[in-house]
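A short write-up of the structure that comes next.
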Amino acid sequence: MNCVCVDNLRIDLVAPKWYLGNTWPAYNLVYKDEGRIRFNSTFWGNFLEADSEAVYGCRLLSSDGRELGRSYVRPDANGNFTADFGKLDYEGAAKVAVTLYDRTHRLNRGTREIDVTVKTPDRDKGLFATENGVVLKDGKPYLALGFYTNLAHPDKHDMKSVEHHMKLLSEAGFNVIMDYSAYMLHGARRDQFYALAAKYGIGVIDDSFSKNTDYAPGKAREATVKKIREIAAHPAHLGWYTMDEAPEDAVPQLSGLRRLLNEEAPGKFVTTCNIMRAAPYLPTADAQGGDCYPVQKGSNSTLEEPNRRVKAVADCRPAAIWYAPQCYNWARMIPGHHEAKVYLEQGREPTFMEMLSVALVMAMNDTTGFLFYSHFELIENPVAAFREQRWSDMVKIAKEMRALEPYLMSGEKKEELAHTDKKEAVRVQGLSDGKGRRCVLVAGLLHDHETTFTLPAEYGKLKSRFGYTTFADGKWTFKAKEFVCDVLEPDGGER
């Protein structure tokens, strides 16, 4: 227990902590031809005094202790810093020793060592995260767009059903699934499942080593490695899902599992679902993940929740963020949810605009992988009209996200645009495709919004995609209620 509660008094017993995680490159690497590595340093509690200025001394050490490079760095406002050791003449196992200095009080607050591997990168094979946040797959920008699924469950889907759904996903523009039952795939059935995924261009994130399924630290390493290699050999295999909302004390085990998966299956992202503080979990994954499903019956929730939650992750500057927007009716959590009556009387179907707005707010916070939760709730929804409408909406959402792909995957810096909120808070963000075209994302974070803004000349002539933003007298005006977004896109004809 981490606290004592007496009447209305809560006393926190958690000692101040220093969390340090290397966030880029992915896979716990340092690239030989670049020699750069990014970190996030976060303090919990009063680890430093309020007026302290932190400075970090970083030393890159070979496996035999030889110093390969040294760098002293000041962090940004969120504790992020990049150590630049220059080009290296070494490959192999290494350590980065990071010393925290309190410059104000002239104190050495300790040193942490992080194991890394110095390696010549293969940017054209598997998944590769560039320093400016673009994920490449086999050398090309890769916007991951798909679902959490349960298609691998043998009692729910035979291979005919699997093919049916993968074909629909592919035709709609989706290209990835994280399947909760992949751990149930074995032998010929696993081969058939992955062959269908490859046929339809669906990348599979496999949960065979998630915390509560097949992996345990005491299991024979040989058997674990054999299974990793067998799964990773399938062309459609994209990565691993290893954690679903695990407590912080699981981080050491999950970090060790990540290192094993990175070592035995290079080029495959390790992903997680984390809804706790971001910094402690940075060592567990290559692509940081989580979920947020704010649309529910009787809820006072708004887009502020996903905006706040994903921004906290983005502030740590991980190599990639692959998050889960909502495609979910909370009636699924109610006893008797297999009955249509439960959905009709107690459920709340999310609309096209609600689901899209959650995804776009995540995109505004540097998310480049969108795994909607969930495909299995959608297809098992007992109200046929709900199923049909929501799938139709998701097909439209896929089209919208693909239209934004050149902007989301350009690697260009997003621009928070000045605006005036006459009512509640709105975000207005400009994006560039790196080729001269620009668009603007607008999202109302609370319940009632009226916001005005002007755009720099380089944005050119734009038009509102959804009609919530109008242009008059030289300025744009966004008016909307909760869970509404808009896209201002180049006015150059149809997509």
Side-chain angles (χ1 to χ4, degrees), residues 133 135 141-149 169 172-178 205 271 273 275 287-296 301-314 320-330 348-375 377-378 389-410 414 426-429 431 439-445 464-466 468-469 478 480-489 495:
V135 175
Y142 183 75
L143 178 71
L145 185 63
F147 286 91
Y148 281 76
T149 65
L169 289 168
F174 298 106
N175 62 353
V176 62
I177 61 173
M178 197 306 291
I205 299 174
T271 67
C273 178
I275 60 171
Q288 299 296 320
D291 58 39
C292 192
Y293 321 131
V295 181
Q296 53 185 303
S301 185
T302 62
L303 286 177
E304 190 279 331
E305 182 182 3
N307 182 65
R308 171 181 48 79
R309 187 175 293 184
V310 187
K311 183 179 183 300
V313 181
I321 302 174
W322 285 11
Y323 229 77
Q326 181 170 357
C327 173
Y328 188 72
N329 187 324
W330 279 93
R348 163 85 152 76
E349 272 292 295
T351 67
F352 163 80
M353 178 52 64
E354 290 167 341
M355 294 187 290
L356 177 64
S357 66
V358 173
L360 288 188
V361 161
M362 292 177 179
M364 295 173 85
N365 290 292
D366 298 334
T367 299
T368 58
F370 304 85
L371 287 93
F372 286 83
Y373 188 94
S374 70
H375 181 264
E377 187 275 324
L378 190 164
Q389 183 60 56
R390 190 155 20 124
W391 174 249
S392 175
D393 289 341
M394 288 305 305
V395 171
K396 295 175 185 176
I397 287 171
K399 182 179 179 181
E400 298 299 334
M401 298 303 290
R402 290 297 173 201
L404 289 170
E405 185 170 1
Y407 303 98
L408 300 179
M409 303 305 293
S410 70
K414 297 179 176 68
V426 170
R427 280 191 72 180
V428 183
Q429 186 180 82
L431 289 79
C439 75
V440 177
L441 304 183
V442 189
L445 300 182
S464 168
R465 177 65 180 164
F466 303 112
Y468 295 100
T469 315
F478 172 77
K481 299 296 184 180
E482 64 266 16
F483 294 111
V484 172
C485 64
D486 205 349
V487 178
L488 304 184
E489 57 187 356
R495 295 182 180 183

In sequence, state the C-alpha distance, the side-chain angles, and the governing distance for M355 and D393, and then conclude on side-chain contact (heavy atoms from CB on, under 4.5 Å). CA-CA 9 Å; M355 294 187 290; D393 289 341; 3.8 Å; yes

Quick one: pull up CE in M353 and CD1 in I397 and give me the separation to the nearest 0.5 Å. 9.0 Å

Parallel, tilted or perpendicular: which describes the rings of F174 and W391, with under 30° parallel and over 60° perpendicular? tilted

Contact summary for P141 and E405, nearest pair of heavy atoms: O-OE2, 4.5 Å

Determine whether a donor-acceptor pair (N or O, by modelled atom type, separation under 3.5 Å) exists between the side chain of R309 and the backbone of M362. no

Going through the distances and angles, do L378 and F372 end up as a side-chain contact (heavy atoms from CB on, under 4.5 Å)? CA-CA 10 Å; L378 190 164; F372 286 83; over 6 Å; no

Is it the case that atom NZ in K414 sees more than 12 heavy atoms from other parts of the structure closer than 6.0 Å? yes

Would the distance check show the side chain of R402 and the main-chain N or O of L143 forming a donor-acceptor pair, the cut-off being under 3.5 Å? yes

Output yes when a side-chain donor or acceptor of E377 lies under 3.5 Å from a complementary backbone atom of N329, and no otherwise. yes

State whether the side chain of N175 and the backbone N or O of L145 hold a donor-acceptor pair below 3.5 Å, judged by distance alone. yes

Fit a plane to each ring of Y293 and Y328, take the angle between them on a 0 to 90° scale, and name the class: parallel (under 30°), tilted (30 to 60°) or perpendicular (over 60°). tilted

Working to the nearest 0.5 angstrom, can you tell me the gap between Y407 OH and E489 CD? 7.5 Å

Rounded to the nearest 0.5 Å, what separation is found between the CE atom of M394 and the CZ atom of F352? 10.0 Å

CG of L356 to CZ of F466: how many Å apart, nearest 0.5 Å? 5.0 Å

Within the 3.5 Å criterion, strictly below it, is a donor on T351 or E354 matched to an acceptor on the partner's side chain? yes

Can you measure from OG1 (T368) to OH (Y323) and round to the nearest 0.5 angstrom? 14.0 Å

Smallest heavy-atom separation, Y468 atom then S464 atom, equals N-OG, 3.6 Å

Evaluate side-chain contact (heavy atoms from CB on, under 4.5 Å) for R427 paired with L303, printing each intermediate quantity in order. CA-CA 10 Å; R427 280 191 72 180; L303 286 177; over 6 Å; no

Nearest heavy-atom pair of E305 and P294: which atoms, and what distance? OE1-CB, 3.7 Å

Any donor and acceptor pair, going by atom type alone, linking the side chain of N365 with main-chain N or O of V310 inside 3.5 Å? no

Quick one: does Q326's side chain have a donor or acceptor within less than 3.5 Å of a partner on V295's backbone? yes

When you measure from the side chain of R390 to the backbone of E349, do you find a donor-acceptor pair of N or O atoms at a distance under 3.5 Å? no

Which heavy atom of F478 sits nearest a heavy atom of C485, and at what distance? CE1-C, 4.4 Å

Please give me the minimum heavy-atom distance between L445 and N307, naming the atom from each residue. CD1-ND2, 3.8 Å

Closest heavy-atom pair, A172 versus V395, reported as atoms and distance to 0.1 Å, is CB-CG2, 4.0 Å

Checking L441 against V487 for the side-chain contact (heavy atoms from CB on, under 4.5 Å) test, could you report, in this order, the C-alpha distance in whole Å, the side-chain angles of both residues, the deciding distance, and whether it holds? CA-CA 5 Å; L441 304 183; V487 178; 3.9 Å; yes

Would you mind reporting whether S410 and L431 have side-chain heavy atoms less than 4.5 Å apart? no

Using a 3.5 Å distance criterion without hydrogens, assess whether the side chain of D486 forms a donor-acceptor pair with backbone atoms of T469. yes

